[in-house]
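Working notes, structure below.
Chain naming here is simple, since letters A, B, ... match the order of the sequence lines and numbering starts at 1 in each.
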There are 2 protein chains.
Amino acid sequence: MEYKEAKNKFVQTWGALGSQWGINKTMAQIHALLMVSNEPVSMEDIMEQLQISRGNASMNIRALMDWGIVYKEFKAGERREFFTAEKDLDELAVKISKERSKREIKPALKVLKEVSSIEASQNEEEKHFVEQTTKLYDFVLKADNVLDKITEYKDNWLARLVVKIMKK
Amino acid sequence: MEYKEAKNKFVQTWGALGSQWGINKTMAQIHALLMVSNEPVSMEDIMEQLQISRGNASMNIRALMDWGIVYKEFKAGERREFFTAEKDLDELAVKISKERSKREIKPALKVLKEVSSIEASQNEEEKHFVEQTTKLYDFVLKADNVLDKITEYKDNWLARLVVKIMKK
DNA sequence: ACAAACTTTCATTTTTTTTTGAAAGTTTAA
DNA sequence: TTAAACTTTCAAAAAAAAATGAAAGTTTGT
């Protein structure tokens, strides 16, 4: 396998993986492309390499910047904008965790708290509902706190976690 | 808020959360419904409560059983089948981790290994590609191992993890 | 062996998500 | 201030994913 083929395979695979985790394919592909580029890439290049339209490129780059994992770069003497991806994987994981927590987990927690707080009657069915949603709330809250803690370590949290977990 | 409203809100929210994580909405809703039911539920009931077709119900229940998080139950003297969800949240997390690892992470690792093993020329661009994909491979491998380890603890891994992580 | 009571399958339809591309907007240099 | 060089927006089109429902399949009781 030579470089071009490998790069393409990587971009495709990363895109597919993204969509299995609720991230749109193009967004994941753009990210993949930027991850393995040693130089900032222009929108024109992204469009060409991924064969996508200007609008699509623009919107997905914007989304990646909103996630804080892609940055604009300016090159001296160049009018157009270039983009780079966050390449430090620890940093990347931290940012993704933070965003998903903020956008998805926190709102879900709010609902879980609400629904687990209803006045349960004698009814077995209702009692079970309250019990189960309460457990779920506690569980999700704990999991979310783990994410928060992870972001505090910042550097190499995964390696540290591995060490801790591995020693039984 | 009374029970029925709360239950509905929970099912809707769980469904929405599912789709943000790459799980189809109905599948997540069925799971939600079964999670908070104290009794096994028939397909008929699922169809009615979620207002979905028989085919849809059948296929998504099947998918949930393939994930190992929903079980068939037989009631004495009843012809039709009933379903229950895994209600132990630790067990649920373990099963989901295992499946996602098997279905998504392992295949991605294979590709990462492949593409990071190309013969890199002198070319800076190619060198960077190999370097970056190698780092990614190591990172994903470590993360996947964490998932594996988690499944070994089985009981209350999250609580243990919290303790470990919390004490700085 | 039959038929009633169910469940599964899958071609077709519907819904949702993503992409396109042209018009509108912005920035910069002269 | 103008216009060239870009980027963003968003209504419409296309593509992808999910849902339907009727026919086929299966199981069970008699």
Exercise. Would you say the side chain of A:Arg79 and the base of C:dT27 hold a donor-acceptor pair, judged only by whether the two atoms sit under 3.5 Å apart?
Worked result: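 Yes.
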
Exercise. Can you find a side chain N or O atom of B:Ser58 that sits less than 4.0 Å from OP1 or OP2 on C:dT9?
Worked result: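 For C:dT9, neither OP1 nor OP2 has a side-chain N or O of B:Ser58 closer than 4.0 Å.
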
Exercise. Distance check: side-chain N/O of B:Thr26 vs OP1/OP2 of D:dA19, anything under 4.0 Å?
Worked result: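 Checking D:dA19 against B:Thr26, a side-chain N or O does come within under 4.0 Å of OP1 or OP2.
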
For this session: Could you check which of D:dT7, D:dT20, D:dA18 has an atom nearest any side-chain atom of A:Met43?
Result: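 Per side-chain heavy atoms of A:Met43, the pick is D:dT7.
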
Problem set entry | Nearest listed nucleotide, side chain of B:Glu81, among C:dG21, C:dT7, D:dG21 | C:dT7

Exercise. Under 4.5 Å between side-chain heavy atoms, hopping through other hydrophobics if needed: is there a path connecting B:Leu112 to A:Ile96?
Worked result: yes

Exercise. So if you build clusters from Ile, Leu, Val, Met, Phe, Trp, Tyr with side-chain heavy-atom gaps below 4.5 Å, do A:Phe74 and A:Val41 land together?
Worked result: no

How long is the line joining [atom1] of [X] and [atom2] of [N], in whole Å?
| X | N | atom1 | atom2 | answer |
| --- | --- | --- | --- | --- |
| A:Arg54 | C:dA23 | CZ | C1' | 14 Å |
| B:Met59 | C:dA11 | CE | C1' | 12 Å |
| A:Gln20 | C:dT17 | CD | C1' | 17 Å |
| A:Asn60 | C:dT17 | CG | P | 15 Å |
| B:Met27 | D:dA19 | CE | P | 11 Å |
| A:Glu78 | C:dA29 | CD | P | 12 Å |
| A:Arg62 | C:dT18 | CZ | P | 17 Å |
| B:Asn24 | D:dT20 | CG | P | 11 Å |

Exercise. Is A:Arg80 salt-bridged to A:Glu44, cutoff N-O under 4.0 Å?
Worked result: no

For this session: By nearest nucleotide on DNA chain C, pick out whichever of A:Gly55 and B:Ser19 is the more 5' one.
Result: B:Ser19

Exercise. Does the ring centre of B:Phe129 sit less than 6.0 Å away from the ring centre of A:Tyr3?
Worked result: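 When the ring centroids of A:Tyr3 and B:Phe129 are compared, they turn out to be within the sub-6.0 Å range.
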
Exercise. Does B:Arg62 make a cation-pi contact with B:Trp67 (under 6.0 Å, within 45 degrees of the axis)?
Worked result: no

For this session: With heavy atoms under 4.0 Å as the rule, sort A:Asn56 into base, sugar-phosphate or nothing.
Result: base

Exercise. Nearest nucleotide by nearest heavy atom, which residue falls closer to the 5' end of DNA chain D, B:Gln51 or A:Arg80?
Worked result: A:Arg80

